[in-house]
Structures are given as C-alpha cells and as structure tokens.
Amino acid sequence: MSEPAVIAEGLVRRFGAFTAVDHLSFEIPRGRIFGFLGPNGSGKSTTIRMLCGLLLPTEGDARVCGASVRCEPERVRGQIGYMSQQFSLYPDLTVSENLEFYGGVYGITGPRLGRRQDELLDRLELGRERGRLAAELSTGVRQRLALACALIHEPPVLFLDEPTSGVDPGARRRFFELIQDLSAQGVTTLVTTHVMDEAEHCNRLLLIHRGRRVAEGSPAAVKALVPGRLMQVRAEPAMRAADVLEAAPEVLEVSLFGTALHVRLREDIPEPDAFVRTRLLAAGLEVGQIEAARPTLEHAFLALAADSEAEAPS
Amino acid sequence: MSGRRMLAMARKEWIHIKRDPRSLAVALALPFALLIINGAGIDFDVTDLPFAICDLDGSQASRSLREHLVRGGLFRLVATVPNARAGERLMRDGECLFVLVIPPHMDADLSAGKRVAVQVLLDGSDANTASTARNYLTGALGAQSAQLQARAQGRLGLDVRPIHPPLTVARRFLYNPAMESRQFVVPGLIVTILVILGALLTSGTVVRERERGTFETLAASPVQAAEILLGKLVPYLVIGLIDVGIAICTGALIFRVYVAGSVELLLGCSLVFLLCALAFGLLISTVAGRQQVAMMAAIVSTLLPAIMLSGFIFPIRNMPLLLRVIAQLIPATHFLRITRPIYLKGVGLPVVWEPLLILALMACVLLALCVKRFRKQL
C-alpha cells in the first residue's frame with residue numbers, strides 16, 4: 001500500500017497564549033474524502049493553512065504527498081489545490097481569464113492550458129459562462145469556478161475550506177458529487193465544514209473542538225460513538241419539559257429538534273419511554289408521542305464535544 | 001524565478017488596468033493636466049511689478065527717474081501719492097508692491113554734487129517678490145544715478161565727466177539665456193509627475209489582493225514573491241513610460257520647452273526612476289492595511305519631499321544639514337540631477353551616470369525590501 005497522501009503528526013499552532021490547534025494527528029489515504037467537522041473557531045482553517053504551507057506549525061509536522069510542510073512548503077504548494085474560505089477569484093476577470101491566470105501561476109501554458117480549461121469548463125458546467133466576469137456570477141457558479149481554478153494543475157491533493165458556505169442545498173449536493181468523482185479518479189480531498197449533511201458525503205470524519213480531536217471514523221462509526229439512548233419526545237410546553245428532563249441525573253442531554261425534544265438517556269435505564277413519560281406527567285405537563293430516534297452527526301458532534309469539554313480542564 | 005509565472009501575473013495585472021478605464025484615463029491625463037496647471041502656475045519670473053511713487057521733489061530729475069522705471073517694463077506705476085503714509089496704505093491693500101519716495105530738493109542736491117538717498121518701502125509679506133523687486137530696482141537706480149548726476153552738473157556748467165564705476169559685470173545666462181523659469185520648471189515637473197504616478201499606480205495593488213481575499217490563494221500557489229512583484233511592476237512601467245512621453249510632448253507643444261539632449265537617454269533614465277517610484281508604491285502596499293490608506297500614505301510620503309526637498313523649488317545647498325541629508329535619500333533629488341541637465345544643457349551619459357547609478361541602486365534596494373517584506377507575508 002502506498003503512503004497516505006496526507007500525514008499530520010502532532011500539529012500544534014499557538015497564537016500567543018491561545019492554542020488554535022492542539023496536537024492533531026491524522027492520516028488521509030490516497031483518493032479519500034476526509035471531512036473536518038467542527039464549529040467556527042475550532043481550528044479547522046488553521047489546520048488547513050498549516051497543511052498548505054501558509055502557516056508554520058508551532059510544533060509537529062505534516063507531510064503532504066511526501067513533502068514536509070515545515071521544511072519544504074514550496075514542494076507542497078505545487079502538489080495541492082486550495083480553495084480558501086475567502087473569495088479567491090478576480091471579479092474583474094472573466095471565467096476563462098481567471099482559469100488562465102491560475103494556470104499560469106502553476107506554470108501551465110499553451111495547448112495544455114487550453115485543453116485543461118476546456119475539460120474543467122465542461123465538467124463543472126461552466127462552458128456557457130466562459131466570457132462572463134466573475135463578479136456577475138451567482139455564488140454557486142463562483143464556487144464551481146473557484147474549484148476549477150484549484151484543479152487547473154491537476155493536483156493530487158485538494159484542500160477545501162468550507163467550500164459551500166452560502167450555496168443552496170441543491171448546488172451543495174452537486175458540488176459534493178464532483179468531489180466524489182474526483183475521489184474516484186484518485187484525488188485526495190480534505191474538506192472542512194460545519195454542515196452535517198455535507199459530512200455524510202465523506203469517507204472519514206475528524207471531529208474537532210477547540211483545536212482538539214474529539215472523534216474520528218466513518219460517519220456511521222462516529223454516530224455509533226454517541227453514548228446512551230436517543231428518544232424523540234413531544235411534550236407541551238416544550239421548554240418546561242426540557243428543564244424538567246435536564247434536572248434528572250439519568251438524562252445526559254436534552255436538545256430542541258424542531259417542535260420536539262431530543263433526549264439522550266443513560267444506557268442502563270430499563271424502560272426509557274416510561275421513564276420519560278412518568279417524569280413529565282409528574283411535573284404536570286402534557287405528553288405526546290415518545291419514540292426512539294437515530295443519532296445524527298449533529299447529535300454525535302454535540303455529545304462528543306460536551307464530553308471532551310468535561311474531560312479536559314480548560 | 002519563473003518567467004512564465006511572472007508573465008501570468010503581468011498579464012492579469014494588465015487586464016485589471018484595462019477593465020478599469022477610469023483609472024487608466026486618470027493615469028494618462030494626469031501628466032498633461034499637472035503640467036498645464038503647474039507649468040502655468042509655477043512662474044518665478046517677476047515682471048510688471050506694481051508700485052506707487054511719492055515725488056516730493058517734482059523736478060525734471062525726478063520725472064526722468066520715474067520715466068526710466070516705467071519704460072523698462074519691469075515696473076508698473078499704479079499711483080502717485082502725496083506722502084509715504086498714503087503709499088503704505090496702498091501697499092496694505094495689495095495695490096502696490098513698493099513705494100518709491102523721492103526726497104525734496106533731489107535735483108538741487110544732485111546738482112550741488114551731494115549724495116542723495118531715495119527711499120523704497122517694500123512689501124515684506126511677499127518676501128520672494130520683494131527681494132526680486134529690490135534687486136531690479138537697485139540695478140535700475142544704479143544705472144540712472146550716474147546719468148542724473150552728470151545731467152544735473154552739466155546744466156550748472158560744471159565739468160562734465162561721467163563717473164563710471166571701475167568694475168562692471170556683463171552677465172550672460174547660459175542654457176537658459178532668457179532666464180525663463182518654465183525652462184527649468186518643466187523638467188522638474190516631470191519628476192514630480194512620475195513620483196505621483198508611481199506611488200498611485202502600485203500602492204493599491206498588493207493591498208487589493210489582500211482585501212479581495214485572492215492573496216491567500218496566491219500564497220498557497222508556487223508563485224514566488226519576486227514573481228508577483230515584478231509581474232505587477234511591468235504593466236505600470238509601460239504606463240509610466242507613456243506618461244513620460246506625454247509630459248515631454250506637452251512641454252514641447254505647449255510650453256515650447258524642448259529636450260536639448262537625447263530623448264532616448266531621458267526615457268531610459270525615466271525607466272530607472274519609475275522603477276524606484278513604483279517599487280516604493282509597492283512597498284507601501286505591502287505595509288498598508290487598506291487601499292485608501294495606502295494611497296494617502298503614498299502621496300504624502302512621496303509628493304511633499306519630491307517638491308520641497310528635491311531641489312525642484314528650493315536649492316538643496318541652502319537647507320540645514322539634516323534636510324540636506326534627507327534630500328540625498330530621495331530618488332527625486334537624483335532624477336532632477338538628470339532631467340534638468342539633459343533638458344537644458346543637452347548633456348549625455350558621461351555627465352549623468354552618477355545620479356543614474358544612485359537611482360539604479362535605490363531601485364534595487366527598494367525592490368529587495370519589497371520582496372523581503374512580501375515573502376514574510378506569503
């Protein structure tokens with residue numbers, strides 16, 4: 001088996017007294033989609049910027065396609081495509097001018113540039129927008145163009161920092177289909193997100209919170225890590241019900257889910273439905289349907305982040 | 001260094017320029033407009049100086065003196081006043097620049113062979129013009145006095161022997177025979193114009209990348225600091241050279257100030273100076289946080305020194321030591337040592353090589369500083 005495309009070993013980045021990334025280690029095998037999941041400010045972008053060679057790690061190192069980000073960032077830069085969280089296009093350049101510029105920056109010119117451009121325009125459905133200024137494009141189209149620019153030099157590794165923020169769900173799904181196509185062709189992708197349904201598209205997820213690893217595994221495995229049993233509860237008034245249940249030591253967590261409550265109970269409660277119903281009725285509340293629920297990545301994230309907080313003295 | 005990447009950068013920058021026709025129009029119209037405004041405005045030549053006369057003598061001699069002054073074209077008589085105080089009131093109102101007071105009995109005293117002092121009251125609030133007026137006046141009165149004395153004595157039948165001063169000065173100004181200030185203002189203005197343009201054109205370019213967010217993507221690509229900076233410089237060098245051409249043509253067609261030396265040499269030297277000016281703009285661009293800040297900083301830090309300290313208006317020789325040292329650090333000072341000699345004296349490379357070399361070194365240092373600062377941010 002070949003070496004993983006990305007290997008991070010004990011990455012740490014501090015900004016003064018603040019530790020943005022705290023000893024992160026992970027590996028991304030070639031051709032995989034690796035999701036970086038965490039709330040804003042959890043250290044996702046900082047990690048990506050270290051992997052791109054934009055930011056020097058305070059401690060630790062990472063290898064991208066065999067090149068060390070600490071010692072040979074120039075070699076890393078030739079191997080990666082990077083879509084930053086910021087707008088990376090020139091608004092006063094047309095779609096093809098943007099592509100040509102990034103091609104030139106990566107040393108691609110002449111017939112190869114023309115071929116590559118045609119390929120990408122076709123594949124990312126940008127052919128019709130070719131002559132339009134980037135400023136005139138809708139957010140979804142811009143995002144595809146930014147991806148095309150990041151792909152112009154056929155990089156084996158792709159770093160996408162929240163690529164779909166501000167894009168509607170349909171466009172978001174299409175975007176991930178593209179990533180999956182690329183993955184099938186052997187491109188390794190690291191994508192950060194805080195949108196859970198995006199995370200479902202990844203082969204493997206790394207959940208981070210406050211710069212620390214919270215959990216890692218396939219989406220299913222991460223969901224299975226959620227401790228306790230999850231119930232969906234309908235009760236009136238919901239806010240009062242939440243307060244009542246939260247006060248019980250057997251209840252691990254209560255969250256609002258639409259009009260219902262999601263209640264996570266300790267595993268060792270024999271009849272969870274009865275337990276919840278009794279509690280709520282005793283408090284004089286109106287109780288509706290109670291049923292078991294499947295944990296989503298959102299639950300996993302909330303539960304695991306809460307656990308990690310409880311473990312780690314801040 | 002990769003030429004390809006630099007070229008991609010230059011081409012992109014060129015598209016930015018093309019898509020912003022307003023800025024391009026400003027860049028091309030600026031030399032023309034500045035030259036017209038300043039070329040007409042900055043005129044150190046003093047003619048037609050308004051004055052008042054207070055003739056307490058009323059003799060033939062005093063009338064002759066007045067005639068003499070008015071005929072020369074340098075002075076314009078605006079009023080005849082009964083006393084010095086009335087003249088001073090006119091001066092306070094800005095009606096005249098000086099008052100000439102001819103004492104009573106001037107004619108008689110001259111005839112008696114006495115020395116006569118005429119009084120001149122000058123407006124010291126406009127010191128430059130006043131001192132020029134004083135010089136003109138001294139010259140005019142000096143020439144007249146011997147003649148007046150001879151005539152007065154002749155009338156009395158005395159021995160007529162004009163007294164000539166033993167030493168006289170025969171002046172001839174080389175390179176600018178008519179002593180027209182536009183002859184040295186125009187080559188000075190070319191320096192100022194390039195300073196402004198250089199700073200304006202490039203000061204925004206790096207900040208803009210950072211403001212737009214494209215900087216981050218560039219930083220993650222293999223493109224190197226020097227490639228980005230040189231790529232950004234090239235299109236502006238072209239525009240700058242076109243501007244020099246426009247300035248030279250404007251000077252020739254409108255002000256009739258022609259390049260006595262080689263135009264090619266002037267363009268070549270301008271290229272080196274432009275490199276300095278653009279590199280300085282880039283340096284500001286790598287430091288400043290926002291485009292507007294960059295532009296303001298660029299104008300303040302280049303324009304004022306270029307006008308005040310480069311020797312354009314005030315001679316460096318007369319400055320206190322500290323300012324003289326600063327003046328030597330300003331590229332405009334050295335470029336002025338090139339443009340004026342080429343324009344007026346028609347000299348060639350054997351004369352201007354020294355300031356040219358200094359400019360080239362300055363350009364190298366500025367570019368190196370840019371790359372250094374820039375690399376840190378990449």
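Hydrogens, waters and symmetry mates are skipped; everything else that's a heavy atom, side chains included, is used. Chain A is the first sequence line, chain B the second, and so forth, proteins listed ahead of strands; every chain is numbered from 1.
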Best-contacting candidate, A:I80, A:L133, A:N98, A:T109, against chain B by heavy atom pairs under 4.5 angstrom
A:T109

Test item: B:R11 side-chain N/O and A:F101 main-chain N/O as donor-acceptor pair under 3.5 Å:
no

In terms of heavy-atom pairs under 4.5 Å with chain A, the winner among B:M9, B:R208, B:M6 is B:M9

Student check: side-chain heavy atoms of B:C249 and B:F32 closer than 4.5 Å:
no

At a 4.5 Å cut-off on heavy atoms, which part of B:S2 comes close to chain A: side chain, backbone, both, or neither?
neither

Contact class of A:R75 relative to chain B, heavy atoms under 4.5 angstrom:
neither

Under 4.5 Å, counting heavy-atom pairs only, tell me which of A:C52, A:S84, A:G78, A:C149 racks up the most with chain B.
A:S84

Using salt bridge (charged side-chain N to carboxylate O under 4.0 Å, His left out) as the criterion, point out the one residue from B:R19, B:K18, B:K232 that pairs with B:E13.
B:K232

Need one label for B:E209: side chain, backbone, both or neither, based on atoms under 4.5 Å from any heavy atom in chain A.
side chain

Pick one of side chain, backbone, both or neither for A:F159, based on which atoms fall under 4.5 Å of a heavy atom in chain B.
neither

Looking only at A:E74, A:E100, A:R49, most heavy-atom pairs under 4.5 Å shared with chain B are made by A:R49

Give a yes or no answer on whether the side chain of A:R77 reaches the backbone of A:G53 with a donor-acceptor pair at less than 3.5 Å.
yes

Tell me if the CZ atom of A:R142 is crowded by more than 12 foreign heavy atoms within 6.0 Å.
yes

Between A:Y106 and A:H153, how do the two ring planes meet: parallel, tilted or perpendicular, split at 30° and 60°?
parallel

